[in-house]
Amino acid sequence: DAGITQSPRYKITETGRQVTLMCHQTWSHSYMFWYRQDLGHGLRLIYYSAAADITDKGEVPDGYVVSRSKTENFPLTLESATRSQTSVYFCASRLSGRQETQYFGPGTRLLVL
Amino acid sequence: GQQVMQIPQYQHVQEGEDFTTYCNSSTTLSNIQWYKQRPGGHPVFLIQLVKSGEVKKQKRLTFQFGEAKKNSSLHITATQTTDVGTYFCAGPKAAGNKLTFGGGTRVLVKP
């Protein structure tokens, strides 16, 4: 039972580079989410998706792009990385409705130099 | 917009003691969920409360949903070192399908 996986787990990049963080889930969950976690800010929603080809902005979408061509994958791209995007990124998925549990991936630790 | 606040932000607890962390929403919630994140780990679902005044227990953890469905609490009895981590509450936004997370309570246990 692979569940929800993220890759890479750790990434170091430089300012201005494009970076893509991958998220894959094996449960056929409809909803997928990207959060960033910074000290003192808890979990902040970047983007989410209700189904394949349906995405919407969260609280902090600037500087990020997402796509969801397949139900199981939800990549997050930093088009031109900035130091302020150094963070821990968590992908999550949920079966459907608002009363369903969210399952989080193991996270990607990103350092932008 | 909807806000979910947690207090305290940090909790230092002597091993064996009890403590409570609180979650308050600016709006009425249809349900509230609690997650635990161990140091270096990812948030893991603990429990969901749906009914007004609901109380649920998981071993030494007691979760309560307020009568007005705007607040919740987590009480841990006889704290152990395994309780170390950050506890988040989360509630769904009134519109849409997003969860709003509180800032978390980071629990440190002194042996």
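Throughout, protein chains are lettered first and strands after them, A, B, ... in sequence-line order, and every chain is numbered starting at 1. For clarity, every value in this text was computed on a predicted model and none was experimentally measured. All heavy atoms count here, side chains included; hydrogens, waters and symmetry mates do not.
- Under the rule for a side-chain contact (heavy atoms from CB on, under 4.5 Å), the partners of A:Ser49 that lie at least two apart in sequence or sit in another chain are A:Thr55, A:Arg68, A:Phe74.
- By the ring-ring contact (aromatic ring centres under 6.0 Å, His included) test, B:Phe19 is found to be paired with no residue, residues two or more places apart in sequence or in another chain being considered.
- Looking at B:Gln37, only its side chain comes within 4.5 Å of chain A, counting heavy atoms on both sides.
- Under the 4.5 Å side-chain heavy-atom criterion for Ile, Leu, Val, Met, Phe, Trp and Tyr, B:Leu49 and B:Val4 are members of distinct hydrophobic clusters.
- For A:Gln37, the part lying under 4.5 angstrom from a heavy atom of chain B is the side chain only.
- In this structure, the ring-ring contact (aromatic ring centres under 6.0 Å, His included) partners of B:Tyr35, at least two apart in sequence or on a different chain, are A:Phe104, B:Phe45, B:Phe101.
- When heavy atoms are compared at a cutoff of 4.5 Å, A:Tyr103 does not approach chain B at all.
- By the criterion of side-chain heavy atoms lying less than 4.5 angstrom apart, applied directly or through intervening Ile, Leu, Val, Met, Phe, Trp or Tyr residues, A:Ile46 is not grouped with A:Tyr31; the two fall into different hydrophobic clusters.
- In terms of heavy-atom pairs under 4.5 Å with chain B, the best-connected choice from A:Gly107, A:Gly105, A:Gly58, A:Ala50 is A:Gly105.
- Scanning both residues, A:Lys57 and B:Lys98, for their nearest heavy atoms gives O-NZ, 4.1 Å.
- Chain B is approached within less than 4.5 Å, heavy atom to heavy atom, by no residue from residues 7-17 of chain A.
- Contact annotation for A:Leu45: only side-chain heavy atoms (C-beta onward) come within less than 4.5 Å of a heavy atom of chain B.
- The minimum heavy-atom distance linking A:Thr101 with B:Gln33 is given by the pair CA-OE1, 4.2 Å.
- In terms of hydrophobic clustering, with Ile, Leu, Val, Met, Phe, Trp and Tyr side chains grouped at heavy-atom distances under 4.5 Å, A:Ile4 and A:Leu21 are assigned to different clusters.
- Under a hydrophobic clustering in which Ile, Leu, Val, Met, Phe, Trp and Tyr are joined whenever their side-chain heavy atoms come within less than 4.5 Å, directly or via other members, B:Trp34 and B:Ile76 fall into the same cluster.
- Heavy atoms of A:Arg44 lying under 4.5 Å from chain B are absent altogether.
- Here the CG atom belonging to B:Leu99 is positioned 11.5 Å from the OH atom belonging to A:Tyr48, to the nearest 0.5 angstrom.
- Follow the hydrophobic side-chain contacts under 4.5 Å out from A:Leu110 and you reach A:Val60 in the same cluster.
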